[in-house]
Trainee: 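Below is one structure. I have some questions about it.
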Amino acid sequence: MIFSKIVGTGAYLPPQIVTNSDLQKIMETTDEWIQQRTGIKERRWVEQDKAVGTSDLALEAAKIALADAKIEASEIDMIIMATLSPDHDFPGTGCFLQPKLGLAGIPALDIRQQCTGFIYGLSIADQFIRSGTYKKILLVGAEIHSRGLNKTTAGRDIAVLFGDGAGACVIAATNDPTGSRVLSTHLHADGRFAKELWIQAPGSAYAGPWMSKERVEKGEHFGAMNGKTVFVHASRRMPEVVLEALEANHLKLSDVDLFVFHQANLRINEMVAKQLGIPEDKVFNTIEKFGNTTAATIPIGFSEAIKAGKLKPGMLVATAAFGSGFTWASALIRW
Ligand code: ACO
């Protein structure tokens, strides 16, 4: 039997810190409102006048993950890239990352599952490794949200939530059925809610051109969200999908050593923890410092938890995410 195992992790956050009071200078908001509703104190944004793309952040995280795994980039068989803020509309950001790593020729697959992208990517990597097709896969979640936000009062409900950042994992084949490995992944989607959290334009779904001045003027190229609906569904689906993963592995909540959830909103994670009855010290959050970095939150969480001494070899880790689509997913990992 072949299993997959996370053998290296890395995170890269751009150095520029944007605090809630910095946002207060460009839109009508307050530190108190943001902290109370979301738990966020600051986030990172790339310098807006510098040509830095999502693949550049991904590259930095990937280099750290490769060094952590103690392997050369040349050993990687495939790249899986999760992002909703690509370098360009096409080709995928994985294709921009690949030559930066000197890996021309290997497959580079982009996936568009937004906040759930990392766990969907982990599941895809797991299937390729279990089938014996590939031995080492680089999985990256990275976002530059700061260029796509409406940074005025009209966009404040969304602009205050998001940050830039990247996280990466090297996933490798193992034959050890009891050691460090991905136990299982569980994926879901319900497209009936696709328009509750989305960017409408550009797109092919309209009469007329792919993009127009009118659509830009209406702000359709900015993310739009029904925050209350997202909150309700996220706090229901995340506990559900964690329990699904535990049941599939005949494990109990008390067997889990650490929960590394997607970082959309601290209040969502508090609600999830409360519903599951998880003690606070078993949930690792980074949202206070980095905001919501969408596809990057979970690998950043792994890296930061290791750095903080909270995530150690042998631990049972549960991860879950919810996001646009709606999509939701979980994974259980023996670290
Ligand atoms: N600063 C100050 N006031 C604000 C801001 C802001 N940044 N944004 C909105 N407001 C105002 C609104 O205009 C509104 O004012 P009004 O009462 O005069 O009309 C008031 O605050 C309340 O707005 P609501 O939208 O009702 O605020 P709510 O309590 O729902 O909180 C929030 C908004 C935090 C987005 C909440 O709905 C939420 O957490 N939703 C979950 C969605 C989420 O976290 N998404 C992240 C991305 S998706 C993902 O990763 C899963």
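Order of appearance sets the numbers: ligands from 1, and atoms from 1 within every ligand.
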Trainee: Compare every heavy atom of Phe302 with every heavy atom of Thr9, then report the nearest pair and how far apart it is.
Mentor: CG2-CB, 4.3 Å
Trainee: Using ring centroids (six-membered ring only for Trp), state whether His88 and Phe96 fall under 6.0 Å.
Mentor: yes
Trainee: Assess Met225 for proximity to ligand 1: is some non-hydrogen atom of it under 4.0 Å away?
Mentor: yes
Trainee: How does Thr29 reach ligand 1, if at all, at less than 4.0 Å between non-hydrogen atoms: by side chain, backbone, both, or neither?
Mentor: both
Trainee: Any heavy atom of Asn292 closer to ligand 1 than 4.0 angstrom?
Mentor: yes
Trainee: Please tell me if atom 32 (C) of ligand 1 is touched by the protein, where touching means a protein heavy-atom distance below 4.0 Å.
Mentor: no
Trainee: May I ask which of Gln114, Arg156, Met27 has a heavy atom nearer to atom 12 (C) of ligand 1 than the others do?
Mentor: Arg156
Trainee: Below 4.0 angstrom, counting only protein heavy atoms, does anything approach atom 38 (C) of ligand 1?
Mentor: yes
Trainee: Could you find the nearest protein heavy atom to atom 22 (C) of ligand 1 and give me its residue, atom name and distance?
Mentor: Arg37 NH1, 3.7 Å
Trainee: Is it possible for you to check whether Lys5 lies under 6.0 Å from the centre of the six-membered ring of Trp335, through NZ or CZ, and within 45° of that ring's axis?
Mentor: no
Trainee: Can you give me the closest heavy-atom contact between Asp255 and Lys252, atom names plus distance?
Mentor: OD2-N, 2.7 Å
Trainee: If the cut-off is 4.0 Å to any non-hydrogen atom of Leu161, which atoms of ligand 1 fall inside it?
Mentor: 45 (N), 46 (C)
Trainee: Got a protein heavy atom sitting under 4.0 Å from atom 17 (O) of ligand 1?
Mentor: no
Trainee: Students should be able to answer this: which protein heavy-atom is nearest to atom 41 (C) of ligand 1, and at what distance?
Mentor: Gly227 O, 3.3 Å
Trainee: What verdict does the salt bridge (Lys or Arg N to Asp or Glu O under 4.0 Å) test give for Lys100 and Asp56, after you've listed the backbone C-alpha separation in whole Å, the side-chain angles of each residue and the deciding distance to 0.1 Å?
Mentor: CA-CA 8 Å; Lys100 290 177 183 171; Asp56 296 311; 2.8 Å; yes
Trainee: Please report which non-hydrogen protein atom sits nearest to atom 20 (C) of ligand 1, along with the residue it belongs to and the distance in Å to one decimal place.
Mentor: Trp33 NE1, 4.3 Å
Trainee: Compare Asn265, Ile287, Asn20 and give the one whose heavy atom is closest to atom 44 (O) of ligand 1.
Mentor: Asn265
Trainee: Which of the atoms in ligand 1, numbered in the order shown and given with their element, are less than 4.0 Å from a heavy-atom of Gly323?
Mentor: 51 (C)
Trainee: Heavy atom of His262 under 4.0 Å from ligand 1?
Mentor: yes
Trainee: Tell me, do Thr319 and Phe261 make a side-chain contact under 4.5 Å, heavy atoms counted?
Mentor: no
Trainee: Among all protein heavy atoms in this structure, tell me which lies nearest to atom 26 (O) of ligand 1, with the distance rounded to 0.1 Å.
Mentor: Lys228 NZ, 2.4 Å
Trainee: Can you confirm if the aromatic rings of Phe322 and His262 lie within a centre distance of less than 6.0 Å?
Mentor: no
Trainee: Asp157 heavy atoms, cut-off 4.0 Å: which ligand 1 atoms fall inside?
Mentor: 8 (N)
Trainee: Closest non-hydrogen protein atom to atom 51 (C) of ligand 1, residue and atom name please, with distance?
Mentor: Phe322 O, 3.0 Å
Trainee: With no hydrogens and no angle check, just 3.5 Å: does a side-chain donor-acceptor pair link Asp126 and Thr185?
Mentor: no
Trainee: Restricting to non-hydrogen atoms, name the atom on Ser235 and the atom on Ile268 that form the minimum distance, rounded to 0.1 Å.
Mentor: N-CG2, 4.3 Å
Trainee: Counting only heavy atoms closer than 4.0 Å, does ligand 1 sit against the backbone of Cys115, its side chain, both, or neither?
Mentor: side chain
Trainee: Which of the numbered atoms in ligand 1 are below 4.0 angstrom from a heavy atom of Val160?
Mentor: 7 (N)
Trainee: Is the contact between Thr294 and ligand 1 made by the side chain, the backbone, both, or neither, using heavy atoms and a 4.0 Å cut-off?
Mentor: neither
Trainee: Against Thr294, only a single residue in Glu143, His145, Gln263 fulfils side-chain hydrogen bond (donor to acceptor under 3.5 Å, both in side chains); can you say which?
Mentor: His145
Trainee: Distance alone, cut at 3.5 Å: any donor-acceptor contact between the side chains of Ser146 and Gln48?
Mentor: yes
Trainee: Less than 4.5 Å apart, any side-chain heavy atom of Lys136 and any of Ile71?
Mentor: yes
Trainee: Under the criterion salt bridge (Lys or Arg N to Asp or Glu O under 4.0 Å), which of Lys195, Lys213, Arg215 is the partner of Glu220?
Mentor: Arg215
Trainee: To the nearest 0.1 Å, how far is atom 48 (S) of ligand 1 from its closest protein heavy atom, and which atom is that?
Mentor: Leu197 CD2, 3.4 Å
Trainee: Protein heavy atoms near atom 8 (N) of ligand 1, is at least one of them under 4.0 angstrom away?
Mentor: yes
Trainee: Any idea which heavy atoms bring Gly165 and Leu57 closest together, and the distance?
Mentor: N-CD1, 3.8 Å
Trainee: Touching ligand 1 at all, Ala234? Heavy atoms, strictly under 4.0 Å?
Mentor: no
